[in-house]
Each structure stands twice: as C-alpha cells, then as structure tokens.
Amino acid sequence: MFWELFRKYRAIFISVLIFFICDAAVVTYNYLNSSKLEASAVSINLSGRQRMLSQRTTKVLLSLQEDARTGASQEADLKELALVVDLFDTTLKGFRDGAMVTGGDGKPVFLVRVETDNAHQIVKNAYEIWNPYLEKLQPLLKGSRFSSEELVGAVSYARANNLKLLGLMNDLTTDLEQSASQRAKWLQIVQIVFLVVVIMNVLYTVFKSIRDLMEGDRALTKARKETEEILGTVKEGLFLLDREYKIGSQYSESLKDVLRREVAPETPFLPILEAMVSKEVYESATDYIELLFGDRVKEALITSLNPLSQVEVRGKEGDSSHYLSFNFNRVLEGGKIAHLLVTVQDVTELVQLGAQLEAAKGLSRVEVEVLLKMLNTDASVLRQFLDNVGKGLAQINERLRSEDDSEQARLHLLNHIMRIVHGIKGEAAALGVELFEDYAHGFEKELVGMREKGEVRGEDMVRITVLLDGFYERLASITNIAEKMAGASGGDSDAKFLKAFTDGAQGLVARIAGDEQKEATVVFDVDDIARLPRRVANELNSVAIQLLRNAVKHGIETPAEREAQGKEANGEIFVECKETGRDQYEFTVRDDGRGISVNRIRETLVQKGLFTKEEADALSVDEVMMQLFEPGFSTAEEADRDAGHGVGLDVVAEKVMQLRGYLTLNSKAKAFTEFKIHFSY
Amino acid sequence: MADITEQEIQVFVGAVNRYFEQMTGEKAKIQASFLAEGEILPPIYDFTGLINVGGQYQGCIYFSASKILLMRLLLALHEPRQNDLHMLDAVGEIANTLAGNAREYFGEAMTISVPITFQGASDLLKSAVRKRPYIIMIKWKQYEASVIVDVVRK
C-alpha cells in the first residue's frame with residue numbers, strides 16, 4: 001500500500017524530503033552559528049572593556065602620583081588599580097587561551113580564545129607591552145608600601161605605552177567585529193541559499209504536480225473517450241452488473257439492440273431477463289448470478305453451469321424469438337467481487353447457420369448416390385430395398401430388447417443380427433449403394449470382432465445400439481430422398497425392374513471379379529421373374545445376390561487355373577427363373593467353377609474347432625454340405641466385404657424358408673455348382 | 001443434427017454402474033441396450049431422476065428404477081427409512097452422480113441442470129430430442145432399472 005502510494009507520488013515525496021533535509025541543515029547551522037555569534041558579542045564587548053581598562057589603569061596611576069604629592073589617602077586608588085589590573089590581565093589571558101572571566105555585568109562568562117592570526121598577533125603584541133607593565137605594577141598591587149621610584153617607574157611606563165596598548169585593544173576589537181560580521185554574512189548567505197532551494201523545490205513540486213494532474217486529466221479524458229468509442233462501436237452488449245443486480249451507468253450502445261429492449265443506467269437486470277426467458281432458465285440464471293457474486297466458488301468451475309450461454313429469447317409482441325449468449329465475468333476490486341462484466345451477443349445467425357449446416361450435411365454422398373441410382377432404377381426396387389432395410393433394423397432392435405443376458409443367448413443374438421446386416425449389405429451392393437454397403441460392412445466387422453472374443457459384454461450391446469441408430473439415420477435420409485424423388489422417377493415397369501435386377505447382379509459380379517482378379521459374366525434367363533409379385537421378386541433378388549457373391553468368390557477360378565483345366569478364362573454364371581407349373585417356380589444360380597470340395601469343408605470344420613477330425617470324417621457328403629448353411633461357416637481364409645464372415649448361405653436358407661420353398665444343391669468338382677430354389681406363391 | 005458417440009453414452013451408463021458398485025459394493029451390469037423406436041417406448045419405472053443438458057448438447061438423461069430396486073438399494077445403504085421421499089432422494093442422488101460424471105467428462109461443452117426427480121410418469125419426458133432415444137437396461141442384483149439417453153449434439 002505504502003509502496004504503491006510512494007511509486008505514484010514519488011516526486012512529491014522526494015520534494016518534501018528535500019525540504020526537511022534543507023530545513024534541518026539550516027536550523028543546525030543557525031544554532032551553531034548563533035552560539036558563535038553570542039561568543040563573538042562577548043569577545044567584542046570584553047575587548048572594548050580592555051580599551052577602557054588600559055585607560056583606567058593609566059588614570060589610576062596618575063591619581064596615585066597626585067595622592068603621593070598631596071599626601072592624600074591612596075587606599076581607594078590602590079584598590080581600584082588591583083581590580084582594573086586583574087580584570088585586564090584575566091581578560092587578556094581569556095583572549096589568548098579561552099577562559100572564564102568576569103563579564104560586563106559582573107557575572108562570570110566564558111571568553112573564547114581569538115581565532116584569526118591577526119588577533120593572535122595583536123594579543124601577542126599586547127602581552128609584550130603588558131608583561132613589563134604588570135611587572136612594574138606589582139609593588140603597587142601589594143599594598144601601600146611601595147617606593148615613589150616604583151610609582152614613578154610605573155607611571156612613566158604607562159605614559160610611554162598607554163596609547164600603544166589602547167591601539168592594540170582597538171585593533172583587537174576591530175578584528176573581532178570583522179570576524180563577527182563575516183560570520184553573520186555567511187549566515188545570511190546560507191539562509192538565502194536555503195530560501196532559494198526551498199522556493200525552487202516548491203516551484204518544482206507545484207509545476208510537477210500541475211503537469212501530472214494535467215497529464216492525468218488528459219489520460220482520463222482520452223480513456224473516457226476511448227471507452228465511449230468502444231462502448232459506442234462494439235457489437236456486443238456490454239455492461240456491468242452490481243451486487244443489487246442493477247445495470248451500471250456505462251454500457252455499450254448496442255446493448256439495447258442486442259436485448260431488443262430499452263435500457264437505462266441503474267435499471268434492474270432481472271426483470272429484463274425474466275421477460276425474455278422461460279421460468280426455468282430464469283431461475284437457473286438467478287442462481288448462477290448469485291453463485292458468481294459469492295466468494296466461495298471459483299469462477300472457472302461454474303462457467304459450465306451458465307444457463308444463458310446460448311438461450312432462446314422471447315421477442316416482444318410481434319417479434320420472433322432469437323438466441324442470445326450471455327457471458328459473465330467477475331470484476332475484482334481490492335480482491336473483492338465488485339461487479340460482473342456481462343457480455344451479450346446475438347447468436348441467432350450462428351444458430352441458424354448451424355441448423356443449415358446440419359441440413360446441408362444431411363444431403364451426403366450417400367444420398368447423392370441414391371439419387372443418381374434412382375434416375376436409372378426402378379423406384380419399386382429401391383422402395384422395396386429400403387423397406388427391407390427398415391424391417392431388418394426393426395428386427396434387430398426388437399431382438400436387442402431381449403433380457404436374456406446369458407453368453408449363449410447373446411452369441412445367438414449376435415448371429416441373428418449378423419444375418420440381417422449381411423442381407424442388407426448384399427442388397428445394397430446389388431443396388432450399387434456403396435456407402436450404404438460400406439456401413440453394413442463396418443457393422444458386420446464389429447459384430448464379427450465381438451463374436452471372435454467369445455463373449456458379448458453389456459458395453460458391446462450399447463455399441464450395437466449405436467451402430468443400429470447410425471443405420472436408422474442413413475435409412476431415414478435415403479427414404480426421405482426416395483420419397484421426394486418418387487414422382488420424378490417415372491414410375492416402375494416390369495422392364496425397368498428386370499433391368500434393375502440384371503444390372504445390379506451384373507454390376508456386383510463385375511466388381512467382385514475385379515477385386516478377385518477373376519473374369520466372370522452372368523447369363524440371365526429371368527423374364528419370368530417379372531410375373532412374380534414384387535415382394536417375392538425382391539426376396540429372390542436378395543437370394544441371387546448372396547449366391548452370385550459366393551459363385552464369384554468361391555466357385556469361379558482365376559483365369560490361369562481355368563486355362564490350365566482347359567476352360568475358358570472367363571467364368572460364366574447362369575441365373576434362371578422359370579415357371580414350372582401353376583404358380584410353381586424354380587430359381588437357379590449355376591457357375592462353371594471349381595465346384596464344392598467336400599474335403600475342404602471337412603478341413604475347415606476341423607480348423608474352426610467345430611468338429612474333431614474323426615467326427616468330420618464320419619460326416620456324410622450331405623451332412624458336410626448342410627454345414628455350409630450354418631451361421632458363421634466360411635471357407636474364406638480372410639474376411640473381406642464379400643466373404644469370410646460366415647454369413648451368406650444362412651441368409652439364403654432363411655429367405656428360402658420365408659418363401660416356404662426348398663433348396664437343392666448340386667456340384668461337381670472342377671465343373672460346376674448349382675443352387676436351385678423351388679417355391680410357389 | 002450431429003450425434004453423440006458411443007463413448008459419450010458410456011459415460012452416463014458407466015456413472016450409474018459405478019454408483020452401484022461404490023455405494024453397495026455390488027456391480028450393476030448392462031442387461032440390454034436398444035432404441036426407443038416406433039412402438040418401443042422408453043420404460044419408465046416408479047421413480048425417475050432426470051438431468052437436462054445444454055451448451056453444445058441438448059436433451060436429457062434419466063435414470064428410472066422400480067420401487068423394489070430402490071428399497072433394496074436403501075437397505076444396502078443402511079437407510080432404515082424407505083418412504084417415497086427417500087426413494088426420490090435416491091434417484092436424485094443417482095441423477096446427481098450422472099451430472100457429476102458428465103460435468104467431468106464434457107467440461108464446458110455441456111451445461112447441466114440441477115437434477116429433477118419425480119414419481120411415475122411425467123410430462124417432462126415428452127419433449128424427446130432424439131428420434132430414437134437410447135435405452136440401456138441395467139440390472140442390479142435381480143432388479144431392473146433403465147438409463148435413457150435422449151441427447152443430441154447441437
């Protein structure tokens with residue numbers, strides 16, 4: 001505190017200090033000098049007396065001579081002589097050595113020794129006269145028994161030296177007066193210097209203070225002007241809130257625009273807030289402001305509790321609502337919370353932009369892709385696909401509600417979900433909705449990962465739910481587009497459906513063949529498929545997708561292998577749908593690839609630990625083939641998006657069951673594999 | 001509308017599970033997890049504790065439990081009084097734990113209301129922000145409770 005004051009008013013402090021130092025020095029000097037002046041006065045006085053004493057001595061001697069001549073009594077003159085001589089002698093000693101002498105008033109006084117060389121010389125010269133004089137006076141000082149010769153001798157010496165002694169005492173007086181005068185002059189000079197210093201010091205302090213005050217005023221005016229400029233220009237609403245929740249006297253011009261309300265200094269803030277926000281927000285906000293004014297809670301800890309960080313605000317009558325963001329910061333004075341600095345921003349545009357951005361994000365690549373597909377695809381195929389996906393997801397969600405959390409039940413649940421997801425993936429692939437296919441593939445991979453761990457934890461269930469929700473989101477956005485585009489797609493027709501079916505299948509085969517570095521083409525004879533209800537046709541489409549995927553992945557050999565076996569490098573897959581009787585149909589998928597190797601399936605069953613070698617060897621060919629339709633079976637060494645997860649043929653089996661049909665499987669090593677589905681509707 | 005992540009959902013579920021483990025020494029586990037979709041509605045038990053969230057998020061999270069679970073919980077907490085008020089206090093405390101964990105995890109990004117508790121159904125639950133709120137079924141001992149996460153990222 002003191003240091004703060006000292007730093008601020010340093011010039012004044014130093015000035016006052018200089019004044020005191022000068023004052024003390026002059027007072028001390030004055031005191032010392034006045035003592036000396038007093039001593040000088042004594043010396044001057046006594047040197048004057050010496051002149052008088054020299055004359056009186058002579059006078060007394062002459063008087064004694066006259067007494068001797070007339071025969072009068074000499075007693076009074078002798079007494080006076082003794083007194084005068086003693087006084088002169090002790091005083092002269094005092095001038096020489098400094099001593100206590102009898103003062104002018106008869107009281108003892110200290111006579112200081114003379115200081116100047118001249119005075120010393122005068123005193124010395126005086127002694128040269130006085131000493132013989134005193135010697136001649138000695139007989140007279142002893143009383144009345146002195147001879148007339150002794151008196152004549154003394155009188156003669158006095159007559160001869162009286163004027164000299166008087167002259168010396170005069171000189172001494174003059175010298176002492178000069179010394180005293182010199183000292184007085186010095187005192188005057190010192191006092192004048194002090195006066196000048198003090199005046200300069202005062203002038204300096206006054207000028208400096210005035211200059212500082214003027215500078216302070218200028219800075220204050222500038223600061224006020226800048227504050228006014230800031231408050232007048234800033235777009236945010238800025239104001240100080242006092243402990244009585246009143247708006248301070250200074251606030252930004254835009255405050256009333258941001259709040260969309262009139263504001264005056266000292267206006268209570270809470271009624272303004274209450275009129276703008278809901279009751280709950282208002283109550284939370286008052287709690288929050290109260291907390292901010294309290295000293296107990298750190299500001300940073302409660303920032304997240306600010307209910308007004310982005311708040312929807314009611315407009316006045318006729319105005320629409322908007323969004324405001326209030327930020328509160330403590331303003332400390334002397335370590336105590338004095339005010340809250342409140343910053344208010346209108347964030348309506350920001351919020352609207354956010355919403356627009358979200359809407360724009362909605363039109364993602366997937367949707368654009370679907371849009372393009374729809375222009376070339378039978379709308380019913382897409383609708384059916386989306387419908388199937390919706391049903392599949394609903395089935396998954398229904399299954400997820402299962403309360404059976406045993407390990408076996410959860411693994412079973414996982415397999416079921418995988419079949420559904422795999423089915424969706426296949427259909428998405430056939431339609432060429434790659435990003436949709438990718439999502440299903442990612443979902444499937446997650447499920448495989450869980451299955452491989454051997455246990456499905458509660459957290460995994462949450463993970464599946466999140467993935468499911470993501471699927472729902474994609475479905476919703478695509479459905480939305482599909483519905484909007486339904487009118488523009490030009491409706492569906494059998495020809496369009498067939499084209500979609502064959503194009504989808506051909507495209508899928510071409511893609512997988514490309515991935516596998518194989519060559520394959522599909523030959524279709526599926527016109528009868530158009531006669532089927534679309535629901536059935538779509539189910540067949542799903543089956544075809546899985547079987548075509550398997551045919552390329554597992555059946556068709558690489559061109560080199562095929563050529564080595566004397567086959568065409570290009571593999572062929574034949575897809576046929578034939579009406580075999582009244583509402584009786586056969587749906588066939590046949591490839592001219594390597595056929596199914598029973599031994600390879602046996603090896604896989606042993607490798608996967610599903611059977612011991614003995615058990616696997618003991619299985620009949622039919623029993624081995626049946627294993628292909630079990631969930632989780634796959635002969636692929638590595639899983640990718642087309643095979644390896646052991647989901648595929650179990651999906652086919654499930655679809656066949658839904659069609660209430662049956663499936664036959666024929667295969668010959670190095671020649672062909674044929675799946676035939678027999679069904680009626 | 002951006003979505004909350006699995007990790008963020010696990011923050012809420014983890015908070016409830018830890019509460020049971022720390023207070024009673026016995027873990028709660030996730031029994032099932034699914035979406036409130038179509039006819040599948042969020043299960044509301046006898047007592048519910050709810051927190052509303054704001055900031056960069058919007059919506060609410062609530063914990064709903066049956067009377068019998070709460071009676072058993074109060075017993076485990078050595079609370080001899082088991083009236084409705086105490087049960088409301090118990091769900092309130094769990095909701096508070098949810099809030100505390102959320103505050104720690106999300107920091108300033110999420111503003112969190114003071115927990116609200118109620119008995120039975122409430123209008124407070126009607127303003128769902130998600131199309132499909134997450135429902136996580138919790139099992140503690142043999143009793144069921146639910147954590148419903150109805151939150152979106154703004």
Side-chain angles (χ1 to χ4, degrees), chain A residues 280-281 283-284 287-288 300-312 323 325 347 350-351 354-355 357-359 361-362 390 393-394 396-406 409-410 413 446 456-473 475-477, chain B residues 1-14 17 27-40 43 52-58 99 102-114 116 124 130-139 142 144 147 149 152-154:
Chain A
E280 290 78 19
V281 172
E283 282 170 3
S284 306
D287 283 350
Y288 177 65
L301 283 180
I302 51 170
T303 309
S304 60
L305 291 179
N306 180 6
L308 304 175
S309 59
Q310 186 179 304
V311 63
E312 190 173 0
Y323 289 85
S325 165
V347 290
L350 205 68
V351 172
L357 194 67
E358 288 305 327
K361 272 186 197 163
L393 299 184
I396 294 173
N397 199 29
E398 184 61 40
R399 285 296 190 104
L400 283 173
R401 290 173 72 190
S402 165
E403 292 174 8
D404 190 348
D405 56 0
S406 68
R410 283 210 170 144
L413 171 65
E446 293 272 355
V456 186
R457 298 171 306 142
E459 287 73 19
D460 293 332
M461 304 306 287
V462 176
R463 174 95 194 112
I464 293 171
T465 316
V466 172
L467 288 165
L468 178 66
D469 192 55
F471 229 143
Y472 263 121
E473 277 298 311
L475 176 65
S477 53
Chain B
M1 196 133 26
D3 212 348
I4 57 166
T5 63
E6 181 206 344
Q7 203 179 358
E8 288 167 346
I9 297 169
Q10 299 283 16
V11 169
F12 304 118
V13 181
N17 286 348
K27 283 183 182 176
K29 56 183 181 178
I30 298 172
Q31 190 180 18
S33 165
F34 53 97
L35 299 166
E37 158 72 10
E39 291 169 4
I40 303 175
N52 281 305
V53 301
Q56 292 172 23
Y57 296 80
Q58 189 192 347
R103 200 166 286 134
E104 194 177 320
Y105 182 84
F106 294 96
E108 289 183 7
M110 184 182 271
T111 56
I112 300 161
S113 77
V114 175
I116 302 162
L124 290 168
R130 291 190 69 79
K131 273 187 202 158
R132 295 167 294 276
Y134 287 101
I135 299 161
I136 295 101
M137 302 299 296
I138 302 281
K139 194 173 184 181
Q142 66 270 39
E144 275 182 3
V147 176
V149 181
V152 287
R153 199 195 286 263
K154 282 183 188 168

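When reading the values below, keep in mind they use all heavy atoms of this one structure, side chains included, and skip hydrogens, waters and symmetry mates. Throughout, a chain's letter reflects where its sequence line sits, starting with A, and its residues are numbered from 1.
- Note that OG1 of B:Thr111 and CD of A:Gln310 are 9.5 Å apart. Values are rounded to the nearest 0.5 Å.
- By the 6.0 Å contact criterion, CD on A:Glu312 is enclosed, its count of non-hydrogen atoms from other residues, nucleotides or ligands being greater than 12.
- Of the two parts of A:Arg410, only the side chain, counted from C-beta on, holds a non-hydrogen atom closer than 4.5 Å to a non-hydrogen atom of chain B.
- Note that CZ of B:Phe34 is 15.0 Å distant from CZ of A:Arg399, once rounded to the nearest 0.5 Å.
- Shortest non-hydrogen contact noted between B:Ile112 and A:Leu305 is O-CD2, 3.8 Å.
- Contact annotation for A:Ser309: only side-chain heavy atoms (C-beta onward) come within less than 4.5 Å of a heavy atom of chain B.
- Residue contact with chain B, scored on non-hydrogen atoms closer than 4.5 Å, is absent for A:Asp287.
- Around the CD atom of B:Gln142, the shell of radius 6.0 Å holds more than 12 heavy atoms that belong to other residues, nucleotides or ligands.
- Distance alone, capped at 3.5 Å, places no donor-acceptor pair between the B:Ser33 side chain and the A:Thr465 backbone.
- Proximity to chain A (any heavy atom under 4.5 Å) is shown, for B:Gln31, by both the backbone and the side chain.
- Between the CG atom in A:Asn397 and the CD1 atom in B:Ile135 there is a gap of 8.0 Å [rounded to 0.5 Å].
- Among A:Glu398, A:Arg457, A:Glu459, A:Glu280, the residue making the largest number of heavy-atom pairs under 4.5 Å with chain B is A:Glu459.
- Among B:Glu108, B:Glu144, B:Gln10, B:Lys29, the residue with the largest count of heavy-atom pairs under 4.5 Å with chain A is B:Gln10.
- Atom CE of B:Met137 and atom CG of A:Asp405 lie 11.5 Å apart (nearest 0.5 Å).
- Proximity to chain A is absent for every atom of B:Gln56, based on heavy atoms less than 4.5 angstrom apart.
- Side chains of B:Lys131 and A:Tyr472 form no contact here, defined as non-hydrogen atoms less than 4.5 Å apart.
- With a 4.5 Å cut-off on non-hydrogen atoms, B:Ile136 touches chain A through its side chain but not through its backbone.
- Residues A:Val466 and B:Ile9 share a closest heavy-atom pair of CG2-CD1, 3.6 Å.
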Inset, instruction - Walk me through it: do A:Asp469 and B:Arg130 pass the test side-chain contact (heavy atoms from CB on, under 4.5 Å)? - result: CA-CA 10 Å; A:Asp469 192 55; B:Arg130 291 190 69 79; 2.5 Å; yes
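- Heavy-atom minimum distance, A:Ser402 versus B:Ala32: O-CB, 3.6 Å.
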